[in-house]
Amino acid sequence: MQRVKDRVNWVFPAPEQGEIAYKSESGKVVVYPRRFHILIAYALSYFLWNMHTFRQTILTQEYAKYFDTTNEFNPSEGELGVDFMLLADSFYLVLMYPLAGYLVDRYGMVCIAYGSVGQAISTWWWYLSFDNFGSVLASRVLASMSGVMIACGLLPLTMTWFPTTERALAVAAGTIVATFGAGAALVLGPLFYTGEQAVDVSLKSCEKDFRDNFNASAGSECTEEAELDFCCVYPADIDTYNLILALACTLVAVYTVVVMQQRPPTPPSVVGKTKENPTFKQAVVLMFSHRNYAQICLADFIASGPPLVLFSSISRIFPPSVSDYSFLVAATGLVLAIPVVAYFSQRLAKKQNFYGLTAATYTGGFLFWTAAALCYAVATDASEVAILGLGAGALVSLSLWTVSVYELKMEYVYDRTYSLGGFIVGFDRTIINLSTLVFVAAIPPERFESLDVPGRNMTMYIGSVFMLFGVILVWTIKDKYLYLRTAHEDEEKEGKIDTVSNADGKTIEL
């Protein structure tokens, strides 16, 4: 019995107050197995939040029929549309993320547990709403409130629980699994189709000209013209999909509550020691006083917009001849991303080339997008198939970018006195959601229906221009290699920093 108790205490050690050393008496870095449980709980919670948030993107037409609304946000016709889910989420998240970053920095890992529980409640709310679109939109407010608490925990978690040699890989694990959640929505959604795609002129986004000229006696088989005019839909078991997601979120919430702990008895590195909590104003000033950080944030806003439009309406942007295979793009990209992200994360921990990897992923994303836009312009069978491969490559680049840009931002604004990890993630996500709010409303394919050029092509062409601006901003950053966190760790290794603890057990540098 004592052996079992000792084993439990080793895996899940009780926290000790006032501990500041991060090495044992033998000089070795102290780490605890519990860190892996906490990372797994975090990653699964984030995975399911992304899946919960993006479940409708691959099933836009099906959810539009289910809720009896349009695909796109169309207030002029009195329709909010399925796209309004992401637009509304982005509006909520812009407001919630900065506050969530503040709360996570102040209250720690417990916020992740609260977020996971709140998310489980929101998925049951959605399921029990059935086809009541207003109630589903309300449930997504709770999901957003919960999800931001989860997302903002990544950098505080990895710096609190993981040593320097594991930190980049831990960030990679958290972000790649979270990205898998969005990808899983694309892969798993089509599994709930219950029949063949067919023309349905009752769809509110179906083009009026097609509807008026449709001859029902000719059959309801979906043609390329019908798909281009947004008049095709699959029968789908939406309720079962919603129920399975609610059950999964509940199981993960229970696991998260069981394993979560604020911090280890002994921090794994000098940057993991307890710090002061800044006020909201202090955090904003500390971060945006660094020009390199401000410029990378602006690049994020501009360059992220077009891919977010693609992701929110992927089934409407992919050419009709290959749109049925969009789930294969997600599956292939995610499978390829695992070894690529793992390899480069290990190199990132050793070489610490945070800026170089970030710039490379920005450039790679732009090149993938531009190549895809050229394929749309050519519009041959071969070019349309090539779009699938380019999409998979872009997803790998996106997964790697997420890891490198988080680490780069932490390096640019790291502060030795104040805890900023939650704020950094919070403001990063705020910028991404501002970009979603602007671009999804501005350049969806339906916005260009009146032009001679197909709407999906215009979305790609305009997106290329914006992504180019984003890449230029990244390549022109000054102080590219000013890594403040790495400098702090290097000074400590060289014995240039002495520390003591104050009455509250917090670290003070001498």
Side-chain angles (χ1 to χ4, degrees), residues 51-90 126-127 129-140 143 182 185-186 188-212 214 220-242 245 308-320 323-324 326-327 436 440-449 454-456 459:
M51 189 173 174
H52 178 31
T53 300
F54 292 107
R55 70 173 84 177
Q56 75 283 352
T57 56
I58 192 68
L59 302 177
T60 302
Q61 303 274 82
E62 290 69 33
Y63 270 104
K65 181 175 177 62
Y66 185 75
F67 292 126
D68 190 28
T69 187
T70 55
N71 298 333
E72 74 283 5
F73 177 52
N74 196 355
S76 62
E77 298 292 331
E79 296 290 345
L80 293 176
V82 173
D83 281 355
F84 183 73
M85 290 186 186
L86 279 183
L87 290 173
D89 284 347
S90 296
W126 178 325
Y127 169 66
S129 298
F130 296 104
D131 60 356
N132 185 328
F133 193 41
S135 182
V136 167
L137 291 175
S139 76
R140 288 176 71 99
L186 301 182
L188 298 180
L191 298 181
F192 293 88
Y193 292 152
T194 58
E196 296 297 322
Q197 190 180 34
V199 172
D200 187 342
V201 294
S202 69
L203 292 169
K204 290 190 174 182
S205 287
C206 182
E207 286 294 302
K208 185 177 184 300
D209 289 344
F210 183 91
R211 188 186 302 122
D212 293 342
F214 178 65
S220 60
E221 182 178 350
C222 186
T223 62
E224 183 171 339
E225 179 188 5
E227 190 156 2
L228 283 170
D229 288 334
F230 310 106
C231 301
C232 292
V233 66
Y234 282 96
D237 191 353
I238 299 294
D239 290 335
T240 299
Y241 187 20
N242 294 341
L245 194 51
L308 290 166
V309 176
L310 172 63
F311 196 82
S312 70
S313 52
I314 190 169
S315 62
R316 294 129 61 195
I317 290 183
F318 268 33
S323 63
D324 289 346
S326 55
F327 74 97
T436 301
V440 170
I443 60 169
E446 290 87 354
R447 190 68 64 200
F448 309 105
E449 290 173 354
R456 67 191 76 224
T459 297

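For Lys204, the salt bridge (Lys or Arg N to Asp or Glu O under 4.0 Å) partners two or more places apart in sequence, or in a different chain, are Asp68, Glu79. Residues passing the side chain to side chain donor-acceptor pair (under 3.5 Å) test with Ser135, sequence neighbours excluded: Trp125, Ser129. Residues satisfying the side chain to side chain donor-acceptor pair (under 3.5 Å) test with Glu207, not counting sequence neighbours, are none. Considering only residues two or more places apart in sequence or on other chains, Phe192 meets the side-chain contact (heavy atoms from CB on, under 4.5 Å) condition with Thr240, Tyr241, Ile244. The side-chain contact (heavy atoms from CB on, under 4.5 Å) test applied to Ser90 returns Asn433, Thr436, Leu437, not counting sequence neighbours. Applying the side chain to side chain donor-acceptor pair (under 3.5 Å) criterion to Asp229, with sequence neighbours excluded, gives no partner residue.
Side-chain contact between Asp212 and Val201 is absent, with no heavy-atom pair separated by less than 4.5 Å. Proximity of Tyr127 to Leu245: side-chain heavy atoms (C-beta onward) are nowhere separated by under 4.5 Å. Counting heavy atoms from C-beta outward, Gln56 and Phe67 have side chains that stay 4.5 Å or more apart. Between Arg211 and Cys231, the closest side-chain pair of non-hydrogen atoms is not below 4.5 Å. Leu59 places none of its side-chain heavy atoms less than 4.5 Å from the side chain of Lys65. Put simply, the side chain of Phe133 reaches to within 4.5 Å of the side chain of Met85, judged on heavy atoms.
Separation of atoms CD (Glu221) and CD (Glu196) is listed at 9.0 Å; rounding is to 0.5 Å. A distance of 11.0 Å separates CG in Leu203 from OG1 in Thr69, rounded to the nearest 0.5 Å. Residue Asp237 holds its CG atom at 9.0 Å from OH of Tyr66, rounded to the nearest 0.5 Å. Taken to the nearest 0.5 Å, the CD1 atom of Ile58 stands 11.0 Å off from the CG atom of Leu188. Here Leu137 contributes atom CG and Asn132 contributes atom CG; the two are 9.0 Å apart, rounded to the nearest 0.5 Å. Here Thr194 contributes atom OG1 and Glu62 contributes atom CD; the two are 9.5 Å apart, rounded to the nearest 0.5 Å.
Scanning both residues, Cys232 and Glu227, for their nearest heavy atoms gives SG-N, 3.7 Å. Of all the heavy atoms in Tyr63 and Arg55, the pair that sits closest is OH-CD, 3.2 Å. When every heavy atom of Gly195 is checked against every heavy atom of Tyr234, the shortest pair comes out as O-CD2, 3.5 Å. The two atoms that bring Leu80 and Phe84 nearest to each other are O-CB, 3.1 Å, heavy atoms only. A pairwise comparison of heavy atoms in Phe230 and Ser205 identifies CB-O, 3.7 Å as the closest pair.
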For this session: Verify side chain to side chain contact (heavy atoms under 4.5 Å, CB included) between Phe130 and Asn242, making sure each step is shown before the conclusion.
Result: CA-CA 9 Å; Phe130 296 104; Asn242 294 341; over 6 Å; no

For this session: Apply side chain to side chain contact (heavy atoms under 4.5 Å, CB included) to Ile238 and Asp131, showing your working.
Result: CA-CA 9 Å; Ile238 299 294; Asp131 60 356; over 6 Å; no

